[in-house]
Amino acid sequence: MKVFKKIFLSSILFLFIAIALFPFVWLISTSLKGAEEIFQFPPKLIPSDLTFKNFVEVWEAIPFGKYYLNSFIVSIAVVFGNLFLGSLTGFLLARRNFKFKNILFFFVLVSILIPQEMILIPLYLIVLKLKLIDSLAGIILPAFVNGFSIFMMRQAFLSIPKEIEDAALSDGCNLFKLYWKVMLPMTKPTLISLGLLIFISTWGDFLFPLIVLRSQENYTLQVGLSYMTGTFVDNFRLIAAGSLLSVFPSILLTIFLSKYFEKGIFEGGIK
Amino acid sequence: MKSVDKNSIFLFLLPTFVFILFFSLIPTLIAFIVSLFKINFFEPSKFVGLKNFIRLFSDKYFYQALINSLIYLSVTPIITLISLSLALILKEMNSNERLFKTIFFIPVVTPIVIAGIIWRYIFNEDNGLLNYLMLSFFNQKIHWLSSYPENVISVMILTIWRGFGYYLIIFYAGLLSISKEVNEAAILDGAGFFRRLFQIIIPQIKPTITLVFVLSGSAAIKLFTELYILIPGAPLSHKTLVYYLYYQSFERFDLSYGSTLGIVVFLLTISFSYLNIKLIEKER
């Protein structure tokens, strides 16, 4: 009975593992296929003549390197903004008393509750007024610090014992030093989780970059790939190679930082 | 506190405050203001009162988009069932859970655009993998992308594939919080798995279930990219509210009507979440 149960549960688990991974297996297989083989019906899982030329061709067919660089610039900038301003504000909200603290915290909560879809057009109008349409700054600035990051960092700072703060202050620590040297290193796990979540979501961001970016040299990967599916309708092997290259950073980071990703989802989920 | 400290607090808070003000609070206000005007790129803006909201009631495309978005809400119970079951299995098996979780994260961290591209080729009606399987087993093809409601199912499959790993983690964390003593006492009493599931596990993780309902429900109401990539060629009547918002704002350049639709999306998600939370409070 026990053995039967174990086999049953394992087979369900492995079925879902197959479902989760199969699209990638197929993507990898397609990206290694030659031009003729792609239209073969029935489709083959293992290409008969393996080739890496799709990965070279996609680089030549579209400014793929430029898209990649743009996505990196945007993601790194947004991660930096959220980690730095998010932790600084979270620290002050958690550990200091000041005038208007509750109002600021209320604003932070409001900004978490407002869906991006509702403020899409106002954000577009503001970016337009700032003359940042068709620039990377136009998508970095609106995402530079969000309420979610502040909230998550605030929770992390709240859990640090008061004695540590008191000891540092009686040693003559000033406010910035208390934040930077004493408290911030203690929130390292949350910083990693938050940075990972922000990187993954910015890397995959689509709707806002789609409406802000106009010229090809400014596209991020997601916008570039979405247009590529329009122009290379029948050339899935190039698109597959491009998709594989662009999904790489997110998956690699997640595999190495799996524990932090889970922590991030959990802390983010209970916000 | 020293007054130097007080000054530096305000200095430190200033950048964040400016960002929140300009990219969150003011936009929220503008969203409501814009919806009361007629704004496009071709003529000067003018105040029209509630006309944009009244227009909703006679707009058949709006009704269709609203209905489609509500249809996509049915993803919520399915994804809840799948991720809760998998979380229970992982907990029950009690081995190598880190490896399994990492595997289930991979679809979650795949950008929607790329997930959409992959599935678009799997769903491809002429030489896609699914239709190959359909042909060999049932001797017929399915119009996964071009027919309605088949393409609704396709979008749902993509959404579930990309989402279940996320909710699995939330459920897994919820399951860890169940009191061990009660569960073990029930096992000693000879209670089978399903009895424990309905009498011990589910009652204790009700808040988690509500959380997953709220999160996956709001995501389902706001579907856009999935449709943009998977079924770009499908007519407007197959599309969702946020897609209609995008269409009105950036293809018809009617920014004020688009903003009105944004407010509808906001009201829908808020009321869906509120309803869920009220339901759980009532049961207590």
Side-chain angles (χ1 to χ4, degrees), chain A residues 9 12-13 16-17 19-21 23 26-27 39 41-43 85 88-89 92 96 98 104 107-108 110-111 114-115 117-123 125-126 141-142 144-145 147 150 175-176 200 203-204 206-207 211 222 225-226 229 236 239 243 246-247 250-251 254-255 258 261-262 265-266 269, chain B residues 5-6 8-9 12-13 15-17 19-20 22-25 27-28 30-31 34 86 89 92-93 98 100-107 109-114 117-119 121-122 127 129 132 161 165-166 169-170 173 211 222 224-225 229 242 245 249-250 255 258-259 262-263 265-266 269:
Chain A
L9 293 184
I12 297 182
L13 204 57
F16 275 92
I17 288 177
I19 292 173
L21 294 185
W26 209 54
L27 187 70
F39 291 113
F41 198 81
L85 291 180
L88 186 58
T89 314
L92 293 170
R96 303 277 89 185
F98 50 89
L104 181 69
F107 286 161
V108 169
V110 168
S111 76
I114 296 298
E117 289 73 12
M118 182 167 111
I119 56 173
L120 189 71
I121 286 136
L123 278 182
L125 293 172
I126 288 173
L141 291 181
F144 201 66
V145 58
I150 299 171
L175 190 64
F176 189 76
I200 286 166
W203 187 260
F206 182 63
L207 179 50
I211 62 175
Q222 312 308 324
L225 281 171
S226 85
T229 56
F236 185 37
I239 297 172
S243 302
S246 27
V247 78
S250 307
I251 292 186
T254 309
I255 290 174
S258 171
F261 185 70
E262 181 180 353
I265 289 184
F266 180 60
Chain B
D5 256 17
K6 267 199 173 131
S8 45
I9 285 182
F12 290 159
L13 288 174
T16 306
F17 182 69
F19 274 107
I20 292 196
F22 278 95
F23 296 114
S24 201
L25 302 178
T28 308
I30 296 179
V34 166
L86 286 174
I89 292 175
E92 200 79 359
M93 304 258 293
R98 165 67 46 217
F100 291 131
K101 281 187 208 162
T102 307
I103 291 172
F104 290 133
F105 285 159
I106 289 178
V109 301
T110 304
I112 308 178
V113 170
I114 294 170
I117 289 173
I118 304 175
W119 280 93
Y121 283 89
I122 295 178
N127 55 8
L129 198 71
Y132 166 67
W161 176 79
Y166 183 87
I169 295 316
I170 298 180
L211 176 68
K222 294 189 280 195
F224 166 79
T225 310
I229 301 292
V242 176
L245 183 165
S249 319
F250 299 104
L255 293 177
S259 205
I263 292 171
V265 171
F266 170 66
T269 48

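Here is how names work: the chains are called A, B, and so on, in the same order as the sequence lines, proteins then strands, and each is numbered from 1. Everything numeric in this text was worked out from a predicted model, so none of it was measured.
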* To do: Count the heavy-atom pairs under 4.5 Å between each of Leu225(A), Leu21(A), Leu141(A) and chain B, then report the option with the highest count.
  =>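 If we count pairs closer than 4.5 Å to chain B, Leu141(A) comes out on top.
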Largest heavy-atom contact set with chain A, pairs under 4.5 Å, which of [options]:
options: Val34(B), Ile106(B), Val265(B); value: Ile106(B)
options: Arg98(B), Met93(B), Lys101(B); value: Arg98(B)
options: Trp119(B), Phe17(B), Phe104(B), Phe22(B); value: Phe104(B)

Search all heavy atoms of [X] against all heavy atoms of [Y] and return the closest pair with its distance.
X: Ile121(A); Y: Ser259(B); answer: CD1-N, 3.4 Å
X: Phe23(B); Y: Ile119(A); answer: O-CD1, 3.8 Å
X: Ser111(A); Y: Ser24(B); answer: CB-OG, 2.9 Å

* Would you call the rings of Phe12(B) and Phe176(A) parallel, tilted or perpendicular if under 30° counts as parallel and over 60° as perpendicular? ->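 If you compare the ring of Phe12(B) with that of Phe176(A), the planes turn out tilted.
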Atom group of [X] that falls short of 4.5 Å from chain A, counting heavy atoms:
X: Ser249(B); result: side chain
X: Leu255(B); result: both
X: Phe266(B); result: both

Toward chain B, the part of [X] with a non-hydrogen atom under 4.5 Å:
X: Leu175(A); result: both
X: Leu104(A); result: side chain
X: Phe206(A); result: side chain
X: Leu92(A); result: side chain
X: Ile251(A); result: both
X: Ile19(A); result: both

